[in-house]
Amino acid sequence: MSLASLHKQFNKTFLAYGKPLFGFFVCVGLLIVLIQNISLLTLCAGVCLFLFAMMLLQESFKILSGGVLDVFLDKVANTNYKSFLFGFTVSSLVQSSGLATVIAISFLSAGLMALQSGIAMVYGINLSTAGSAWLVGYFGLKTKISLYAMPLIIFGLGFFISKNKKIKGFGLFLLSLGLLFLGISYMKEGFENFKDTFDISQFQMEGLAGLLLYTLIGFGVTVITQSSHATLTLALAALAVGQVSYENAIGVAIGANVGSTIMAVIGSINSNIEGKKITVTHVFFNCFAALMAIVFFKLYLIAVDYLCAWVGIAENDYVLKLAMFTTLFNVIGVIVLYPFISQMENFLNKYVKPSESKDDEVKPMFLSDEVLQFSDSALQSLTLESIRLLESTLGLIAKVISFQPEDVQSQEEIPTVLSQRNQPNDFEFDTAYHKEFKGLYSSIIEFAVRAGYEASTPERNTIFMDIRRANLYMASAVKEASQLQTNINKFGFSNNGYIRAEYAAMRRNLLRLLRNVHSITQATTIEEIDQIQREILDNSEKFDVVSSSSLDTLIRNHCISDSVATSIMNDNAISRNLAKNLYDVIELLFKTNPVALGE
């Protein structure tokens, strides 16, 4: 056996057995370390409970919200200040700025919210982290919070086993709060026990160096735990038992806010351009607020002392003073940046743009993983993307029959357009199909399958299935149109006036069909859609050349050959099937879809 073969066999064996064994020994080693250090074990258990409780809290929020968020979204997101309050409230309820940011990305990506409203919502989300500091500092660390956790866990589990979805969601909410409180209790207990085994307070540092070092520590812990709320709670718990100094805890809090941006950046990698704009807003806000706090640190401390004295917080109550600092940190960021929301919007629109596709393939604009978090935003995005595909379908068919996409949207008389387009289009159908249709079509179908699986109700799943069928009918229409290209190029511009007239009539009727379908996208009522559908049906009858005596006359008078007559009949039959497919697209995509009509 050669050396290369031995090396390949070794790699294969290591991947099969070495990596699992290595992971096993690492876990055993960690277990031994934790068992020998009860303080560290208690602290780690508290952090894990806290993070697990936050995940449950997020899931309970999704269950309880159902479709409620989108129902009143128009009322809470039609102005900047309402969007700001909405972001603050949602993030405070779920105790997760990450999930709240996902909601903002979801709504903005789906077109349910304007960019300015999304920016305001992000500012509200960031302000909510101050509320978490007060909750943990005033309630969680100054009382025996585990006593409150017990009834919440008991009643939460009792409600959770219910078959009713809403009651089950409420039970999960109570259970998650109970575990959240229990996690905080374990964290506090773990830091208290450190005094007896290993006093980490000896690593406290004063001055700018200490502030920067602990800011970096806060940043790192947040990246590891994927939760700025967990990092802030750790800082408060450590401060409560004297394991970190007040100024060092402030550094951790600053780092936690900056660290939360890493999660947003990672989460936006696969999001659309609107999601990336929200991410840039989130990163900018936290980095700006952190820079302000570090540069004017002494002034912040003076302001915190003054505010604490004003509201009656004791001078040595550093836990609540840290909560006050966190509030000031975010409030100043909001005060400075909120008046410039419109300027922020202009900046994002100017500099945050989609990357240029090397192959010019049409890419989804509204589909992303964040949008899938909520059924209504998924439906909105899928509808908007399907309408985009419909426009691509109409443009592609127009080019097949030797028109241009702009002719579909033009108000110019069809006979005039027909006289102007008196030469065959020189374009490669397969290339255009892959660039303008196939990629977007595949993305829509995949997203529709996932959205249907995640659908909140059977009725919503049915709508997702209808949208999938509508896109399948678009694909059929495009494939049928491709069959027309050869004969239209061959006979549509023939020197034989009779043949040219027959194909001119076919092209004229097809262009009228495309214009009727395009007009559907502007319809706002079922009555308008019904009227356009009747026009499509009437127009489809014109493709029935078999029932017409004109073709028989042309054959009998030897104006055209039998083979050409057969081509005319076949192409008209294809056109009629194409019209039927587009009619079905309208029926499924618009008439049964509340989003398409703006409901």
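- In terms of heavy atoms, I125 sits closest to S128 at O-OG, 2.5 Å.
- Between atom CD of residue E345 and atom OG1 of residue T281 there is a gap of 10.0 Å, rounded to the nearest 0.5 Å.
- A tilted orientation is assigned to the rings of Y351 and F347, their planes being inclined by 30° to 60°.
- Proximity of a side-chain donor or acceptor of R469 to a complementary backbone N or O of L588 within less than 3.5 Å is not detected.
- Within the model, atoms CD of E480 and CG of N577 stand 5.0 Å from one another, a figure rounded to the nearest 0.5 Å.
- When all heavy atoms of V334 and F285 are compared, the pair lying nearest together is N-CE1, 3.6 Å.
- Although no hydrogens or angles enter the test, the distance criterion places no donor-acceptor pair under 3.5 Å between the side chain of N509 and the main chain of N539.
- For the pair K479 and Y433, the cation-pi test (distance below 6.0 Å, angle within 45°) is passed.
- In the model, Y503 has a side-chain atom that pairs as donor or acceptor with a side-chain atom of D571 under 3.5 Å.
- Shown are S386, S442, S476; of these, the side chain to side chain donor-acceptor pair (under 3.5 Å) with N471 is made only by S386.
- Taking N286 as the reference, N126, H282 meet the side chain to side chain donor-acceptor pair (under 3.5 Å) condition, with sequence neighbours excluded.
- Between A579 and S540 the shortest heavy-atom distance is CB-OG, 3.4 Å.
- Contact check on R388 versus E385 returns a salt bridge, with a Lys/Arg side-chain nitrogen under 4.0 Å from an Asp/Glu carboxylate oxygen.
- By the neighbour-count criterion of 12 heavy atoms within 6.0 Å, atom NZ of K438 is sparsely surrounded, having that number or fewer from other residues, nucleotides or ligands.
- In this structure T393 satisfies the side chain to side chain donor-acceptor pair (under 3.5 Å) test with no other residue, sequence neighbours excluded.
- Looking only at distances, a side-chain donor or acceptor of S381 sits under 3.5 Å from a matching main-chain atom of F366.
- Within the 4.5 Å cutoff, the side chain of F590 has heavy atoms near those of the L390 side chain.
- Heavy-atom neighbours of Q423 CD from other residues, nucleotides or ligands within 6.0 Å: at or below the threshold of 12.
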Evaluate T279 against V352 for side chain to side chain contact (heavy atoms under 4.5 Å, CB included), listing each step before the verdict. CA-CA 10 Å; T279 301; V352 184; over 6 Å; no
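- Of all the heavy atoms in V258 and C287, the pair that sits closest is CG1-SG, 4.5 Å.
- Taking CZ from R468 and CG from L382, the interatomic distance works out to 10.0 Å, rounded to the nearest 0.5 Å.
- To the nearest 0.5 Å, atoms CD (Q404) and CZ (R421) are separated by 5.0 Å.
- Counting only heavy atoms from C-beta outward, the side chains of V400 and V478 never approach each other to under 4.5 Å.
- At a threshold of 4.5 Å between non-hydrogen side-chain atoms, the residues I397 and L513 do not count as touching.
- For Y498, the ring pair (Phe, Tyr, Trp, His ring centres under 6.0 Å) test picks out no residue, with sequence neighbours left out.
- For the pair Y473 and L589, the minimum side-chain heavy-atom distance is 4.5 Å or more.
- Taking the ring pair (Phe, Tyr, Trp, His ring centres under 6.0 Å) definition, one finds that F403 meets it with nothing, sequence neighbours left out.
- Considering only residues two or more places apart in sequence or on other chains, E446 meets the side-chain contact (heavy atoms from CB on, under 4.5 Å) condition with R450.
- Salt-bridge check for K580 with D584: passed, with a basic side-chain N closer than 4.0 Å to an acidic carboxylate O.
- Within the 4.5 Å cutoff, no side-chain heavy atoms of I532 are placed close to those of Y583.
- Checking side-chain atoms of S410 against main-chain N and O of E406 turns up no donor-acceptor pair under 3.5 Å.
- The environment of E413 atom CD is sparse: at most 12 non-hydrogen atoms of other residues, nucleotides or ligands sit within 6.0 angstrom.
- Two residues are said to be in side-chain contact when any heavy atoms from C-beta on lie closer than 4.5 Å; N349 and K277 meet this criterion.
- In this structure, CZ in F491 is found 10.0 Å from OG1 in T486, a value given to the nearest 0.5 Å.
- Inter-residue side-chain proximity for I536 and I586 is flagged as met; some heavy-atom pair is nearer than 4.5 Å.
- Using a 4.5 Å heavy-atom threshold, the side chains of S117 and T79 count as separate.
- Remark: the Q531 side chain and the E535 side chain contain an N/O donor-acceptor pair separated by less than 3.5 Å.
- Partners of R512 according to the salt bridge (charged side-chain N to carboxylate O under 4.0 Å, His left out) rule, which considers only residues two or more places apart in sequence or in another chain, do not exist here.
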Carefully, step by step, assess H518 and L514 under the rule side chain to side chain contact (heavy atoms under 4.5 Å, CB included). CA-CA 6 Å; H518 171 71; L514 299 182; over 6 Å; no
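- A donor-acceptor pair under 3.5 Å is formed between the side chain of Y338 and the backbone N or O of Y81.
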Starting from the C-alpha separation in whole Å, work towards a yes-or-no answer on side chain to side chain contact (heavy atoms under 4.5 Å, CB included) for V336 and F288. CA-CA 10 Å; V336 174; F288 174 81; 3.6 Å; yes
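- Atom CD in E391 sits 5.5 Å away from atom CG in L394 (nearest 0.5 Å).
- Residues N489 and P424 approach most closely at OD1-CB, 3.3 Å, considering heavy atoms.
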In sequence, state the C-alpha distance, the side-chain angles, and the governing distance for D530 and Q533, and then conclude on side chain to side chain contact (heavy atoms under 4.5 Å, CB included). CA-CA 5 Å; D530 287 338; Q533 283 185 301; 3.6 Å; yes
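- A distance-only check finds a donor-acceptor pair linking the side chain of K168 to the backbone of F160 [under 3.5 Å].
- Without hydrogens or angle criteria, R515 side chain to D407 main chain gives a donor-acceptor distance under 3.5 Å.
- Closest approach of L367 to S443, counting heavy atoms only: CD1-O, 3.8 Å.
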